[in-house]
Amino acid sequence: METISVLQAVGPTATATPRHRALILAALTLGGFAIGTSEFSAMGLMPEMVKTFGVSEPQVGHIISMYALGVVVGAPLLAILGGRLPRRVLLLVLMGFYAFGNLASAAAPDYLSMILARFVAGLPHGAYFGVAALSAVAISKPEERGKAVSLVMFGLTVAILIGNPIATWMGQTIGWRWAFVMVSSVAVATVALIAMFMPRDRVEAPKHPLEELRAFNRLPVWQALAIGAVGFSGLFCVFSYLAPTMLQVTNVSAQWIPLGLAGFGLGGVIGNFLGGWLFDRLRFRAVPAILLGAAAMLSLFPLTAGSLWTLLPITVAIGMLGALGPVLQTHLMDVAGDAQTLAAASHHAAFNAANALGPWLGGMAISAGWGWTSTGYVGATTAVLGALIYLWAAGTLRRPRRQACPAV
């Protein structure tokens, strides 16, 4: 029954041919690649930004957190403001805005202007992914919703695997500003592809913003968002400070940093498809398995950081926490009722709340003198907390309510 309600909310399955469907998904995925490259590039470019702006590593962590704050603010705001637009138009506007935000990042003359530019760049992030996920589900079979969402998220994970190492390499060779110019160029290419392949017709009826807000304000929705915000922050806690950890603890040269970042990317690619597969089989029950497995891997990070050959496999394992993304994104479609766009966008706001929380907690631990590798223990703690929130959410879903939610 819940699948029917979701399809009613996102629109009927499109009659597009397999080739046309693949082209639409490719365009949406390219946008995810641009966003993922930009979101995580500051982590690999941290040493270069320290030199340019004359600040410390934790202060560069604030640049990362400001981007995440932009996502948290922009996701629900732009989803509400753009809710009455056709999805094709909204996607074009959001990705055009993203190109502008990254050009502003490339041109930022000082630390404060960079913080502002990254906040602006983060604003369209969550709304884009939310609308893109709903568009992908609308052209897919009902039993393949998890797979459809994972395909949209594939661009994000490939960005960690390929885009972020390329951005880091560019920062080390020709300057970190060119990494953001590259992202802006990919965003412009995405605009062109969406304009060419995305159908012009609109399948969903426009909703009044207040109606969607009322539908959104349900406990299962907030619980799912809390799981993402808390449980996923452990990955960002480690990932944000991987570059200085490799320099200071692993004692390797800066040329090895892109390989370390690629380890997270490889894990993210594996985890992304694993998450879609797990949801189509286990549904919401996939969450605790993912989080507890991640907690174990994060706990091993401090023990493996001393050697490059033990560090690289653990980064892959931690990166597989990305499996949580497709699971929570698709679960939100099941429990959000008539607030599909707002919930889908807010999912990415929650994950970027994790992107803000992780570097902040990690920076506190490092500044307290606990060492670079303390980020692993901090991250393991947040993963366990996310699993505890799942237990609360699962109990809520089992209780009879006025609006039916999927069983766990």
Side-chain angles (χ1 to χ4, degrees), residues 1-9 72 75-76 130 133 137 142-143 145-146 149-150 212-235 271 274-299 320-340 342-354 357-358 361 378-408:
M1 182 177 295
E2 68 274 4
T3 299
I4 295 175
S5 67
V6 169
L7 292 177
Q8 289 173 340
V72 172
V137 167
E143 65 273 15
R145 291 177 301 133
V149 172
S150 70
E212 190 157 8
L213 280 172
R214 282 193 291 266
F216 177 82
N217 192 26
R218 301 174 60 224
L219 183 58
V221 173
W222 288 106
Q223 288 169 327
L225 296 176
I227 291 171
V230 176
F232 208 70
S233 63
L235 184 148
L274 177 63
W277 181 85
L278 284 172
F279 182 86
D280 287 337
R281 285 153 182 80
L282 299 177
R283 302 182 69 80
F284 195 39
R285 293 190 301 272
V287 170
I290 295 169
L291 285 173
L292 293 178
M297 295 301 101
L298 286 160
S299 297
M320 289 176 66
L321 178 55
L324 194 61
V327 172
L328 290 180
Q329 179 81 84
T330 316
H331 171 70
L332 274 167
M333 293 181 186
D334 284 342
V335 300
D338 292 332
Q340 293 291 312
L342 181 55
S346 296
H347 163 75
H348 294 276
F351 271 62
N352 278 270
L357 181 63
L361 292 175
V378 174
T381 302
T382 61
V384 172
L385 289 174
L388 293 176
I389 298 173
Y390 163 82
L391 293 178
W392 176 35
T396 299
L397 291 176
R398 291 191 189 98
R399 292 197 299 268
R401 297 188 317 281
R402 294 177 182 177
Q403 279 188 287
C405 284
V408 295

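Nothing here was measured: the structure is a model prediction, and the numbers come from that model.
- Here the straight-line distance linking atom CZ of Phe351 with atom CG of Leu225 works out to 9.5 Å at 0.5 Å rounding.
- No side-chain heavy atom of Ile290 sits under 4.5 Å from any side-chain heavy atom of Tyr390.
- Contact check for Leu291 versus Leu321: side-chain heavy atoms found under the 4.5 Å cut-off.
- Minimum heavy-atom separation, Gly322 to Pro326: O-CD, 3.4 Å.
- At least one side-chain heavy atom of Leu397 sits under 4.5 Å from a side-chain heavy atom of His331.
- Under the side-chain contact (heavy atoms from CB on, under 4.5 Å) criterion, Val378 pairs with Cys237, Leu361, Ala365, not counting sequence neighbours.
- Closest heavy-atom contact between Leu292 and Ala387: CD2-CB, 4.0 Å.
- Pro76 is linked by a side-chain contact (heavy atoms from CB on, under 4.5 Å) to Leu342, Ser346, Ala349, counting only residues two or more places apart in sequence or in another chain.
- Counting only residues at least two apart or on different chains, the side-chain hydrogen bond (donor to acceptor under 3.5 Å, both in side chains) pairs with a member in residues 223-233 are Gln223-Thr396, Ser233-Thr382.
- Taking the side chain to side chain donor-acceptor pair (under 3.5 Å) definition, one finds that Trp392 meets it with nothing, sequence neighbours left out.
- Take Leu388 and apply the side-chain contact (heavy atoms from CB on, under 4.5 Å) test, not counting sequence neighbours, and it matches Leu385, Leu391.
- Residues Ala286 and Leu278 approach most closely at CB-CB, 3.8 Å, considering heavy atoms.
- With rounding to the nearest 0.5 angstrom, the CG atom of Leu324 is 10.0 Å from the CG atom of Leu235.
- Within the 4.5 Å cutoff, no side-chain heavy atoms of Phe232 are placed close to those of Leu328.
- For Ala229, the side-chain contact (heavy atoms from CB on, under 4.5 Å) partners two or more places apart in sequence, or in a different chain, are Ala350, Ala353.
- Nearest heavy atom pair, residue Ala224 against residue Leu332, reads CB-CD2, 3.8 Å.
- The two residues Gly275 and Val327 make their nearest non-hydrogen contact at O-CG2, 3.4 Å.
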